[in-house]
Structures are given as C-alpha cells and as structure tokens.
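We count ligands from 1, going down the list as the structure has it; atoms in each ligand are counted the same way.
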Amino acid sequence: MKNPGIHHVTAISGPARRNVDFYTGVLGLRLVKKTVNFDDPGTYHLYFGDENGTPGTILTFFPWDNVAKGRVGVGETQQTLFRVPEGSIGYWAHRFVEKGIEHENVAKAFGETVLSFRDPDGMRLALVGTPGAEAEPAWTSDGIPAEHAIRGFHSVNLLLAKAAPTAAILTDVFGFTEIAREGSVIRLKAGETKNGGIVDLHEAGGFLAGRAGGGSVHHIAFRAENDAAQKEMVARLQKAHGIRTTEQKDRNYFRSVYFREPGGVLFEIATDEPGFAADEPVAELGRTLKLPSFLEPHRSRIEGVLPELA
Ligand code: ZN
C-alpha cells in the first residue's frame with residue numbers, strides 16, 4: 001500500500017472568522033481551500049494544511065455561527081494531534097500563554113512530549129514533539145519561524161468502548177500495525193508515513209456516548225492512492241468485515257466513500273488525487289471562494305449568505 005495513513009480530519013466549529021483566525025493566526029497553518037459544504041452550500045467548508053495541502057496535514061471545518069457545543073464520548077475522536085520539532089514545545093507553550101490559549105502542562109505519552117490545548121470551540125488538540133521533524137519542510141506565516149512550525153498530523157485518538165473491532169479495520173484495510181500499548185491506549189502505525197501515520201485507540205469501556213457539535217470531530221479520512229486503491233479497500237471492507245460504504249462522492253480535490261466503523265466513528269476513504277491545486281495554482285490556494293461546477297451558477301446567492309472571513 002502506498003502512503004497509508006490519515007488523509008484529513010473534519011470537525012465542526014463556531015463562527016468561521018474566529019476559526020480562520022485561530023488556525024492561521026495562532027497555529028500558523030495555511031488556509032488551502034475556501035469552499036462550501038457541497039451538501040449544504042450555505043455554509044463554508046474550510047481546509048487548513050501545509051503549503052500544498054498534502055494529505056496527512058489537512059484539518060477541515062464546517063463552521064456554524066450558532067452551533068451548540070459538542071461533547072466527547074465513546075465512538076468519537078477524543079483528540080487531534082500535530083507534529084512539531086522536538087525542541088519547539090517550549091516555544092509553543094510560551095505562545096499559548098502569550099495568546100491566552102487554554103492548554104495543559106506538558107506531559108509524556110509513548111515516550112514523546114505532548115502539549116495539549118483547545119481551540120476556541122473547545123476542540124481537543126495537542127502538539128507532539130517529534131525528533132527529526134525540524135529537517136522537514138514547513139509552511140511559515142505570521143511570525144512562526146520554520147524551525148517551530150507545525151508539520152502535519154501526528155495522530156488522532158479515538159475513544160471507544162472496545163478497541164479490537166476498530167483495530168481490525170485499521171490493520172486489515174488501511175495498512176496500520178499495532179506498535180505499542182500504554183495503559184488503556186493501543187497505538188497503531190501506518191508504515192513509514194510521517195504526517196498522519198498514527199491512530200491511538202483509547203479503550204474506555206462503558207462511557208458516555210459523544211454528542212456532535214462545536215469542537216467535535218465529524219469524521220476521519222484515510223488515504224487511498226487513487227480510485228483503484230479505494231475500490232480495493234471498499235471490496236475488502238465488504239468481503240472481510242461485512243461493511244458497506246456509500247457510493248463514491250466527488251469532493252473536487254479528492255473522491256470519497258464513507259462508512260461507520262464498528263466502534264461508531266465515521267470513517268472516509270479519500271483519494272490522494274487530484275489534490276488542492278485542481279482549481280487554483282499552489283501560490284494562490286485559499287485566497288478566493290472556490291465552488292464545484294454544479295454550484296457555480298448560484299455563486300452570487302451563495303456569496304450573499306456566507307459570512308466575511310476577514
Ligand atoms: Zn472528509
């Protein structure tokens with residue numbers, strides 16, 4: 001399997017402008033695509049990532065002005081973690097204090113340094129100090145030097161009643177392997193993939209179910225190199241696990257199928273093709289509102305209902 005791992009993570013947020021200010025201004029990610037929710041064109045779909053919008057770096061949001069707060073529970077993503085260079089955790093802790101960002105004391109997990117924090121909607125995030133990350137390319141903006149910049153996803157942590165059924169899907173269909181256990185957390189890794197190569201399964205037993213809302217993750221997308229690879233995964237899901245996916249949906253920048261994994265988390269399989277430069281050059285990613293061709297005739301009406309971002 002080529003480049004297994006997380007393709008993107010999609011979450012729900014409050015007001016769009018506050019969301020953009022946080023992810024570009026505080027965390028220094030690039031807004032790589034400004035479009036709308038194809039299934040609900042009156043709301044934005046905002047994509048943040050690295051310079052090119054590389055799979056494994058993409059965090060996306062459906063922002064709602066008056067969203068009710070979500071609650072993390074079983075069958076949900078508990079935390080979304082980013083990779084930063086190992087020596088940069090102090091820089092970020094200082095930045096969070098300076099900017100009044102809610103955060104915890106630095107902790108250790110699986111031998112790595114973890115700085116947990118929350119976005120303005122209470123979404124649970126963390127930075128993980130990763131040896132060697134300083135040598136990888138980084139998108140820089142707003143005064144965050146390349147040596148400290150976020151590289152992409154480290155992992156997601158899924159809160160589950162039982163870990164084994166979810167682990168079976170990740171190992172059998174998405175190319176992950178169990179590499180470690182710590183307390184009630186099982187760590188799975190996807191080959192040599194750096195960005196988005198880890199999923200942690202936190203087995204919580206009988207715990208309150210989650211409730212979708214502001215600050216909660218809507219789904220996790222895993223990478224398929226192309227349509228053929230996606231098709232193979234879909235067949236494997238059905239044959240070996242009795243799981244049916246949706247029909248393929250064209251998301252303009254990737255093509256997707258969706259299914260609910262046995263632990264209750266919504267999973268997607270997204271192709272690496274064609275990528276975010278499909279409808280605008282890399283140098284201009286995220287600057288103007290992009291619409292799929294079927295919504296282009298309604299552009300003026302859509303622009304009329306979307307809130308200003310800056
Ligand atoms: Zn998605």
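- Counting only N and O atoms by type, the side chains of E112 and H154 include a donor and acceptor under 3.5 Å apart.
- Shown are H218, K33, H8, H45; of these, the side chain to side chain donor-acceptor pair (under 3.5 Å) with T60 is made only by H45.
- Side-chain contact of N157 with Q78: a donor-acceptor pair under 3.5 Å is present, judged by distance alone.
- A donor-acceptor contact under 3.5 angstrom links the side chains of E268 and S256, judged on distance only.
- Annotation for R181 and E178: closest pair NE-OE2, 2.7 Å, computed over non-hydrogen atoms.
- Taking 2.8 Å as the limit, the number of protein N, O or S atoms around the Zn ion (ligand 1) is 3.
- As a member of the Ile/Leu/Val/Met/Phe/Trp/Tyr network built from side-chain separations under 4.5 Å, V128 groups with L81, V114.
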